[in-house]
Amino acid sequence: GQFMSNIFILIPGRTSDQGCGISEGKFLEKYQTEINTLQVSPGDMTRLGLANGDRVRLTSEQGAVEVAVTTAKKDELPEGLLFIAYGDISSRLMSGDTHGSGMPTSKGIDVQLDVLKAV
């Protein structure tokens, strides 16, 4: 069913909150929330019928993860793009191939998004 599949481009990156969180200790709640929450554009949240805190599954060629979503700030993220802070989740979706640069390719990973219905 190509029609209903939700293919997005996931962009992992650093966030300002993540920067602050590291100095306070990586395991503090704010940091954990930051790296474990997927930011979705307001338009895509509406189209997918998602609310903040809902869980989705992201599947890339490398693997699949489940993650909670939050609405990105208006105008911060175009529809069709997803953002997540660098961390365990982003690394599980990214290829380990660093192409000799020492950094895995992390600009724009094609992922499929499936909404996980709350029980």
Do I9 and D110 touch side chain to side chain, with heavy atoms closer than 4.5 Å? yes
Please enumerate all residues that pass side chain to side chain contact (heavy atoms under 4.5 Å, CB included) together with A51, with sequence neighbours excluded. D54
Would you name the heavy atoms of A68 and R55 that are closest together and state the gap between them? N-NH1, 3.8 Å
Side chain proximity check, F8 to D44, heavy atoms < 4.5 angstrom: yes
Suppose we screen for side chain to side chain contact (heavy atoms under 4.5 Å, CB included). Which residues come up paired with T46, at least two apart in sequence or across chains? none
Counterpart residues, side chain to side chain contact (heavy atoms under 4.5 Å, CB included), relative to N52 (two or more places apart): M45, T70, T71
Go through the steps to decide whether I84 and V67 satisfy the test side-chain contact (heavy atoms from CB on, under 4.5 Å), and finish with yes or no. CA-CA 10 Å; I84 194 161; V67 64; 4.1 Å; yes
Looking at every non-hydrogen atom in both residues, tell me the closest pair between P12 and S90 and how far apart they are. CB-CB, 3.9 Å
Measure the OG-CD distance between S41 and E76 for me, rounded to the nearest 0.5 Å. 11.5 Å
In the structure I gave you, are the side-chain heavy atoms of D75 and K73 within less than 4.5 Å of one another anywhere? no
Could you point out which residue of L82, I109, I89, N6 forms a side chain to side chain contact (heavy atoms under 4.5 Å, CB included) with L58? L82
Would you say that more than 12 heavy atoms from the other residues, nucleotides or ligands in this model lie under 6.0 Å from the CZ of R57, or not? no
Nearest-0.5 Å distance that lies between atom CD in Q39 and atom CD1 in I11: 11.0 Å
Look up atom CG in D88 and atom CG in N36, then write down how far apart they are to the nearest 0.5 Å. 7.5 Å
Residue pair E66 / L116, side-chain heavy-atom distance below 4.5 Å: yes
First locate atom CZ of R92, then atom CD of Q62, and finally report the distance between them rounded to the nearest 0.5 Å. 13.0 Å
Exactly one candidate in V111, V40, L48, L113 meets side chain to side chain contact (heavy atoms under 4.5 Å, CB included) with V56; the answer is L113
Minimum heavy-atom distance A64-T59, with the two atoms named: CB-OG1, 3.9 Å
For a quick test of reading the model, state the closest non-hydrogen atom pair linking E79 to G43 and the distance between them. OE2-CA, 3.3 Å
In the structure I gave you, are the side-chain heavy atoms of L93 and V65 within less than 4.5 Å of one another anywhere? yes
